[in-house]
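For reference, the structure is listed below as structure tokens.
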There are 2 protein chains.
Amino acid sequence: SMNPDLASERQTASFSVEKLTARLDGGAEHTRIRRAVVEAIECDPVFSRENQYFQSQNERYEAAVRKAVHLQKKMHEMGWTEDGPEFKYIYRALSGDIAFLLHRIFMRSISVLGSKQQIAKWIPLATQYQLIGSYAQTELGHGTYLQGLETTAVFDITTQEFILNTPKISAMKWWPGDMGRSATHTVVFAQLYVHGKCYGVHPFIVQIRSLQDHSLCPGITAGDIGPKMNFEHVDNGYLMLQNVRVPRENMLNKFCEVQPDGTYARWGSQKINYFTMTTVRISLISDEAVIPLMKACTIAIRYSVVRRQSKLKPGEQEAKILDYQTQQEKLLPQLAAAYAFHFINNYLQELFDKVYREIQRKKFDMLPELHAFSSGFKAMVTQYCTSAVAICLQACGGHGYSLLSGLPSLYTKIVASCIYEGENTILLLQTARFLIKCFMAASTGQPVPPSVTYLAAVKPGKCPAKNKLDFLSPDVYTEAYQHMAARLISSTAAKLQDLIQSGVKKTDAWNQCTVQLVQAAKAHCHYITVKNFAETVEKLETKAGIQKIMKHLCDLFALHGIFSNGGVFLHDGYVSGAQMDMVTASYLDLLAVIRKDAVPLVDAFDFTDKSLNSALGSYDGQVYQRLYEWAQKSPTNKQMSPAYERYLKPLLHNTLSKL
Amino acid sequence: SMNPDLASERQTASFSVEKLTARLDGGAEHTRIRRAVVEAIECDPVFSRENQYFQSQNERYEAAVRKAVHLQKKMHEMGWTEDGPEFKYIYRALSGDIAFLLHRIFMRSISVLGSKQQIAKWIPLATQYQLIGSYAQTELGHGTYLQGLETTAVFDITTQEFILNTPKISAMKWWPGDMGRSATHTVVFAQLYVHGKCYGVHPFIVQIRSLQDHSLCPGITAGDIGPKMNFEHVDNGYLMLQNVRVPRENMLNKFCEVQPDGTYARWGSQKINYFTMTTVRISLISDEAVIPLMKACTIAIRYSVVRRQSKLKPGEQEAKILDYQTQQEKLLPQLAAAYAFHFINNYLQELFDKVYREIQRKKFDMLPELHAFSSGFKAMVTQYCTSAVAICLQACGGHGYSLLSGLPSLYTKIVASCIYEGENTILLLQTARFLIKCFMAASTGQPVPPSVTYLAAVKPGKCPAKNKLDFLSPDVYTEAYQHMAARLISSTAAKLQDLIQSGVKKTDAWNQCTVQLVQAAKAHCHYITVKNFAETVEKLETKAGIQKIMKHLCDLFALHGIFSNGGVFLHDGYVSGAQMDMVTASYLDLLAVIRKDAVPLVDAFDFTDKSLNSALGSYDGQVYQRLYEWAQKSPTNKQMSPAYERYLKPLLHNTLSKL
């Protein structure tokens, strides 16, 4: 039975939830396919996440392996293929709790970096799981700076082998997924030496465990790096190599080769490698940041209409906590952000597809823009979503702090997305480098990509808004964001130039500007997100109430950004103090408007109870009943703790001294 | 052997670390006592936290009980008493990983709320651990709003007993520590009914488990509420009562009583109850927020001078990551905040002692101010420290994400401090209520407490700074904070008045202002923190370089706040855009200055390696060696996973179909 406090929220929806869901999925047919995949996965007990919050690291690893193995069968049984329309929904349906994700990266790196012969040899073995692959790049002492890797591969001309070594502890491979306990093979990145000369980092296929009994191969030391904040299901591993020999053919040689006589040859373009990194960054935005935020919003908002606490007016029933302005201010901007980032992800996908088509025609012109955008948005979206999930958790008070709410594990997982696949600060500085370059080009009249032409037109000005309603005009706020981003980029470029002209070395000058460069890159991404949201709303169908509610959310996202970052808008007087008061007034008005549709807006994300796995967020809103039922399943309630006989009893019976 | 990259940082300290440590402790004698306590605890293997990151909830609970029981012996053995100077260091030395903390609250509530007879009966039993107590206030459906509690206690005149009941699931007691598995008794808060009339919430002593065999008493259902984000060592519990009878004498009756004939009598002042809450809030600021932040800073800053990544200049060695401006900008403001909050904690302690002396003279005038301050600072400091620990974690990249860094558990624990002992938003609104009241009083010329007299003098004005060096004057920035806080409080008061005058009901008007009220309360606390830091620096001894470095930190804390919250300073033109650029310039200059003393500044916190329990933060900086050693201890490396025989082998040997 549905909690009446939740049911009443659904009766007053101003729009069609089903139509909005279809819009989010990219059409009703996609919704149908997604639901079919989710249904097939969730009705299969092998994929259950029911006991997840009670499991140890060991148990979670075993479950992830079991699921990965079972998924092979399931796909065969369901007729799903890696190229089919169902594939992209499988990972989402499993909430990512599955092993062998690095096996895919192993295969992809061979496909991209390997010769035809290498592909022909290894890919079928990997496809049929006659080996389990991993990808060993990061070292204990080396992450973002690839050139600093210390693992060595020395060519031995007499045996036609490479000899791989971990020369010191900081050179140990550290973090590769699937490597701690599962993998039999891995791609090791190592400094190539031939005749004593170093040729830089290259990839080598190395077997690390026996295919017979899984014991470690000679010269190999490997294991699990131990407990992490989350990802207990992944066996992130370490790897040391002591005079491990692999044949010459095991260096991936699509682009370069060591010939039998030791000659080093290099050919072709490696630009496509950047494209691979870009692909990963874009794909993680949705799977690892936006969807978790959507889940957190669903849980926190459903809970906030079921939880009643204190009174808004004396004599009345206790109020739903979502009726408090402070609770609205915590949650509704995060909901708006989830939509904003869903739409920016669509934008990035379209840009990606366009660049991909160009690349197939051997045109690489758009790669720098795509690289800068995917880096900047990966950083901005993961950081924003991480903070947003933390807000959702805290907004649920004590019950949000229980693992059973689902919110702690969403947080402890999403926070990693700020670090992996490019640490966010490093990525934002790459975006900033692109923006500064474009700004310089634009100011000297050279052509720049369309997305940054606005940098050519930096000029002083004033926001034209005269009252609070003017700030509900997308032109008004988009223009404000554009002005602000352009100002931050141009003023940082000016500081950089000034420093260099005053005699500071370029590299030092850059470092002295990095705090502001990061700020400028974020401002650019924020501007593009607002602009894209406004343009998306413009194109939505007006019927079924969808455009109207999306317009409200877009306004909220934009005004929340101005309200929260007032300094950068007020700085040069583009927005005045009086106008900032109008922004605040409109922003607070919007909270009350969107609050009415808050539950339908999270219902539209269409998460099943099983995929939320939250005692607070279920569709029926029976929060207290579920918390109690789930708590009883905890292993701590299965038996009396040995602590009683050992400590409590002697303490209470005053027989401690005999201990 | 000390990592040379860390050793070099210590050779150039601009001040005496030992002298600063003594200053933080409140004198060299306190440092001596603290170190003696830490030494005694850490050399005792029973108190070891060595395997903490590998333990299950069950194991951590058992360890906490073992430590609590052992502590009784230890105190006896060492001659430590609850009134002695050592006592306050014990909890810190144990890093809070100990059971029976609620047993203390049980005792305190009897001491405060119980009659002389009740104290004489129960306190000796509790002191000698002939029972284990808990404190059952919060319910599944009720936290902050005490009047909403649903548990009932009906007086039965025929048997002279109270009959306690949990009328529905939301009335179940939920969260009390030590109750899930340990406690034999608890203080239950319930709605008192006599002759069908409700007299509101009252405290009752209830036995829940047998003193013989620890089985649950008749009518009692109790257990553990299951896994949480942290606090695995605490058995937070649930409790249901079905017609549980306790004698009339079990209602704590210092202030009110049900007489044998059912007459309800009440006497005396209950104001002292607020004082108890205030005590807890003030004491947690240091133990649960500031000390954890100091630990996080120690770990992240030591790691950041040992970790080298990428190059600042081509051809050079890879740079220490703390030499990057972006890394300084992440960590150094958190370090400055740790000092700022240490000093504000001293300020609160002094205020507390003053009020306590007044109360002993039966004067309660200062209680509202103390309540408002303790609420606001509890909220502001816990929120700030939580964000700061998250920044420290992310600033350490992948290694920060490993549990072995110690940072994840610091985060998952500190985040709870935003929720318990008063949810932060609720607390800030209480502070705001006090501030609005004082502002109203001040504007009509009535007397207000000295700490808020600044509200009487809200006037327009301009910051007098003419260049970036002017912003290194405490007068200049303290004035800016004062102006900003006064403006936010006065403008919110004006909005509230306007709404009420336009006919909006008082309660609705209040709700419509709460976002701004929270902002105003934070601004007030931020102002007082800056002012107190500046005044503290003023009073420091000038020798040994301590005043100079503390002045830098105070400047950094203040300017970071202006830089990060530019909007509220620019809003009315008190600070101009050009001045904001000066703030930014001085702020960035300070980062480079403080960076030189960063390691000595965290060394001064004087944490032992055992108390940090971090592979990244040890005094010798041997990060990689320690990560590797610790990872090998992980249970995941103790044996081959059963997943191999069950899943991996059949997969690799292609015998899956036989499964």
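Just so we're on the same page: letters track the sequence lines, and every chain starts at 1.
- There is no contact between B:Ser409 and chain A, counting heavy-atom distances below 4.5 Å.
- Contact annotation for A:Asp572: neither backbone nor side-chain heavy atoms come within less than 4.5 Å of a heavy atom of chain B.
- Using a 4.5 Å cut-off between heavy atoms, B:Phe100 touches chain A through its side chain atoms alone.
- At a 4.5 Å heavy-atom cutoff, the contact between B:Lys495 and chain A is made by side-chain atoms alone.
- With a threshold of 4.5 angstrom between heavy atoms, B:Leu588 approaches chain A through side-chain atoms but not through N, CA, C or O.
- In this structure, the portions of A:Tyr628 lying under 4.5 Å from any heavy atom of chain B include both its backbone and its side chain.
- In this structure, chain A has no heavy atom under 4.5 Å from any part of B:Ile426.
- Heavy atoms of B:Gln212 lying under 4.5 Å from chain A belong to its backbone as well as its side chain.
- Residues that satisfy the side chain to side chain donor-acceptor pair (under 3.5 Å) test with A:Asn230, not counting sequence neighbours, are A:Thr412.
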Output, in order, the C-alpha distance, side-chain angles, deciding distance and verdict of side chain to side chain donor-acceptor pair (under 3.5 Å) for B:Tyr61 and B:Ser182.
CA-CA 10 Å; B:Tyr61 164 71; B:Ser182 297; 2.7 Å; yes
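- Looking at B:Lys633, neither its backbone nor its side chain comes within 4.5 Å of chain A, counting heavy atoms on both sides.
- Proximity to chain A (any heavy atom under 4.5 Å) is shown, for B:Ser56, by neither the backbone nor the side chain.
- Residue A:Ser405 does not touch chain B at all, counting heavy-atom pairs closer than 4.5 Å.
- Contacts between A:Val518 and chain B at a heavy-atom distance below 4.5 Å involve the side chain alone, from C-beta outward.
- Residue B:Arg66 touches chain A through both its backbone and its side chain, counting heavy-atom pairs closer than 4.5 Å.
- Heavy atoms closer than 4.5 Å to chain A are found in both the backbone and the side chain of B:Gln625.
- Neither the backbone nor the side chain of B:Ser491 has a heavy atom closer than 4.5 Å to any heavy atom of chain A.
- In this structure, chain A has a heavy atom under 4.5 Å from the side chain of B:Tyr644, while its backbone stays farther away.
- Note on B:Gln632, B:Arg181, B:His70: by heavy-atom pairs under 4.5 Å with chain A, the leading option is B:Arg181.
- Ranked by heavy-atom pairs shorter than 4.5 Å toward chain A, the options B:Gln325, B:Lys228, B:Glu329 are led by B:Gln325.
- Looking at residues two or more places apart in sequence or on another chain, you find no side chain to side chain donor-acceptor pair (under 3.5 Å) involving B:Glu318.
- At a 4.5 Å heavy-atom cutoff, the contact between B:Ile419 and chain A is made by side-chain atoms alone.
- A:Lys506 does not touch chain B: none of its heavy atoms, backbone or side chain, sits under 4.5 Å away.
- In this structure, chain B has a heavy atom under 4.5 Å from the side chain of A:Glu423, while its backbone stays farther away.
- With a threshold of 4.5 angstrom between heavy atoms, A:Asp581 approaches chain B through its backbone and through its side chain.
- Only the side chain of B:Trp174 comes within contact range of chain A, judged by heavy atoms closer than 4.5 Å.
- Of the listed residues (A:Ala99, A:Gly397, A:Gly226), the greatest number of heavy-atom pairs within a distance under 4.5 Å of chain B belongs to A:Gly397.
- With a 4.5 angstrom heavy-atom cutoff, A:Phe569 does not touch chain B via any of its atoms.
- Neither the backbone nor the side chain of A:Gln55 comes within contact range of chain B, judged by heavy atoms closer than 4.5 Å.
- Neither the backbone nor the side chain of A:Leu146 comes within contact range of chain B; no heavy atom of the residue lies under 4.5 Å from a heavy atom of that chain.
- Checked against the 6.0 Å centroid criterion, the rings of A:Tyr401 and B:Tyr420 do not qualify as a close aromatic pair.
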